[in-house]
Amino acid sequence: MSWTETTFLPFAVPEEGIFGNCYVLARPNLGVCLSSVIVSRGICLHTYEIDFTDPQMHLKCPEKFSDFTLENGLSVKALGGPQNYDLRYENQLGACSFDLKFRGLHRPFDPHDPAENPMVFERATGAEDARIGREWANGHFECKGHITGSLTLYGETYQVDCYEGMDHSWGPRKELGTRAVTWISINFGEELAIHLAVPMRIEKGTVLYDPVQFGFVCENGEVHGVVSAEVQANRVHLQPVGNRITVTDIRGKSFEFLGTAVGGHPWHSFNPCHVCYQTTMRYTWNGCIGFGEFGDIFGLDYLARHMSRSAPWRRVQTGGIV
């Protein structure tokens with residue numbers, strides 16, 4: 001009964017500070033799904049600052065994931081394989097709509113295939129570390145692509161022309177709020193794109209990043225598995241506002257990126273037991289400018305155990321008085 005399938009697509013209009021995404025989580029065995037669409041302008045530290053949010057639960061589950069329309073107005077259609085999609089959305093209250101085309105730059109990356117992921121035996125993807133989440137322990141793929149189309153927000157229309165990553169997951173999955181992992185996307189057009197999945201930990205209120213779980217470099221359409229990465233970030237109220245990322249792929253080729261936030265928000269509505277502090281970063285590399293999502297995903301239980309007044313380290317500091 002816990003079988004789950006998901007589809008996720010972030011998108012941005014960086015020059016306007018606009019960052020949004022749509023998400024579907026389906027439970028075919030139960031016949032239901034939830035869907036979340038969110039769009040914000042600039043850096044939003046609080047949920048009331050977010051321009052648009054439409055989370056709907058207990059929608060009828062689609063019969064197939066290659067072509068479906070949900071009652072909330074979201075339509076997703078795969079075209080000729082799992083790397084090309086058309087996505088449309090029309091809010092029932094008329095506040096937001098979009099018509100987007102995602103065209104993949106490569107065959108989707110499978111983190112469970114040792115031919116694609118050189119770290120598959122070094123780190124069993126999600127199998128033992130509760131912070132990773134079962135969706136990465138089961139079926140999962142990532143794909144980089146070019147997103148074009150239009151977004152209308154409260155009557156104003158914006159042209160969307162960005163590069164981003166989308167993913168799809170499937171398999172048995174219980175919703176427990178133990179996760180602490182970041183989803184990183186760095187994009188410089190067709191020349192270069194990076195994806196990383198990196199576990200996090202919180203030590204005495206400070207967010208730290210562990211060694212990369214898996215990732216890939218897509219350079220001029222060729223995909224190379226990542227063998228190491230280092231992530232650092234600074235934040236305001238858990239919202240990332242800047243970062244530094246270094247990546248080395250299986251060829252021994254290394255990259256360094258410096259990111260500055262141009263938009264972002266705490267995304268509470270994609271799953272009741274999680275929050276994702278999402279940011280669209282402006283990256284510099286080799287004299288070029290790129291953009292991409294930096295999403296710190298925390299289970300609410302994990303945050304409570306490490307950040308609340310009842311967190312063990314706080315109780316030690318205060319002698320048990322909180």
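Side chains included, hydrogens not; waters and symmetry mates left out as well; all remaining heavy atoms used.
- More than 12 heavy atoms of other shown residues, nucleotides or ligands fall within 6.0 angstrom of atom NE2 in H46.
- Between the side chains of S169 and D167, no donor N or O sits under 3.5 Å from an acceptor N or O.
- Side-chain contact, T148 with D161: no donor N or O sits under 3.5 Å from an acceptor N or O.
- The line from OH of Y277 to OG1 of T182 is 13.0 Å long, rounded to the nearest 0.5 Å.
- In terms of modelled atom types and a separation under 3.5 Å, the side chain of R103 and the main chain of Y85 share a donor-acceptor contact.
- A donor-acceptor distance shorter than 3.5 angstrom exists from the side chain of H106 to the backbone of K144, with no hydrogens or angles considered.
- To the nearest 0.5 Å, the span separating OH on Y283 from CZ on F188 amounts to 8.5 Å.
- Residues V32 and C61 form no side-chain contact, since every pair of their non-hydrogen atoms from C-beta on lies 4.5 Å or further apart.
- Using a 4.5 Å heavy-atom threshold, the side chains of L192 and F257 count as touching.
- When all heavy atoms of P55 and S269 are compared, the closest pair comes out as CB-CB, 3.4 Å.
- Looking at E164, its side chain never comes within 3.5 Å of a backbone N or O of A12 through a donor-acceptor pair.
- Taking CE from M307 and OG1 from T206, the interatomic distance works out to 8.0 Å, rounded to the nearest 0.5 Å.
- In this structure, the salt bridge (Lys or Arg N to Asp or Glu O under 4.0 Å) partners of R305, at least two apart in sequence or on a different chain, are D301.
- Atom CG of N187 is separated from atom SG of C162 by 8.0 Å, given to the nearest 0.5 angstrom.
- A distance of 6.0 Å or more separates the ring centres of F270 and F8.
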Legend entry - Pair I194-I184, side-chain contact (heavy atoms from CB on, under 4.5 Å): steps then yes or no: CA-CA 8 Å; I194 312 287; I184 299 173; over 6 Å; no

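- Partners of T152 according to the side chain to side chain donor-acceptor pair (under 3.5 Å) rule, which considers only residues two or more places apart in sequence or in another chain, are T157.
- A donor-acceptor pair is defined here as one N or O able to donate and one able to accept, closer than 3.5 Å; such a pair exists between the side chain of Q92 and the backbone of E71.
- With respect to E90 and R88, no salt bridge is recorded, no charged nitrogen being found less than 4.0 Å from a carboxylate O.
- At least one donor-acceptor pair closer than 3.5 Å links the side chain of R27 to the backbone N or O of S2.
- Residues L9 and V76 have side chains not in contact (no heavy-atom distance under 4.5 Å, counting atoms from C-beta outward).
- Each of V231, N243, I245, V181 was evaluated against Y209; a single residue qualifies, V231, per the side-chain contact (heavy atoms from CB on, under 4.5 Å) test.
- Atoms SG and CG, from C218 and D249 in turn, are 11.5 Å apart once rounded to the nearest 0.5 Å.
- Proximity of a side-chain donor or acceptor of N21 to a complementary backbone N or O of P10 within less than 3.5 Å is not detected.
- With a 4.5 Å cut-off on side-chain heavy atoms, R251 and E222 do not count as touching.
- More than 12 heavy atoms of other residues, nucleotides or ligands lie within 6.0 Å of CD in E15, so this atom counts as buried by the packing criterion.
- Annotation: side chain of H195 is not in contact with side chain of C143 (no heavy-atom distance under 4.5 Å).
- Side chain of K60 to backbone of G31: no donor-acceptor contact under 3.5 angstrom is found.
- A donor-acceptor contact under 3.5 angstrom links the side chains of Q239 and T279, judged on distance only.
- Using a 4.5 Å cut-off on side-chain heavy atoms (C-beta onward), F291 and F19 make no contact.
- For F298 and H306, the distance between ring centers is not under 6.0 angstrom.
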Legend entry - Verdict with supporting geometry, Y158 and E156, side-chain hydrogen bond (donor to acceptor under 3.5 Å, both in side chains): CA-CA 7 Å; Y158 305 89; E156 190 168 355; 3.2 Å; yes

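- Between the D210 side chain and the V198 main chain, no donor and acceptor come within less than 3.5 Å of each other.
- One distance of note links CZ of R244 with CD of E256; it measures 4.5 Å at 0.5 Å rounding.
- In this structure, Y302 contributes its side chain and I202 its backbone to a donor-acceptor pair below 3.5 Å.
- The main-chain N or O of Y23 is found under 3.5 Å from a side-chain atom of S35 such that the two form a donor-acceptor pair.
- Residues T53 and H265 fail the side-chain proximity criterion, which asks for heavy atoms closer than 4.5 Å.
- In this structure the side chain of E190 reaches within 4.5 angstrom of the side chain of Y163, judged on heavy atoms.
- Each of D99, D54, N72 was checked for a side chain to side chain donor-acceptor pair (under 3.5 Å) with Y89, and the lone residue meeting it is D54.
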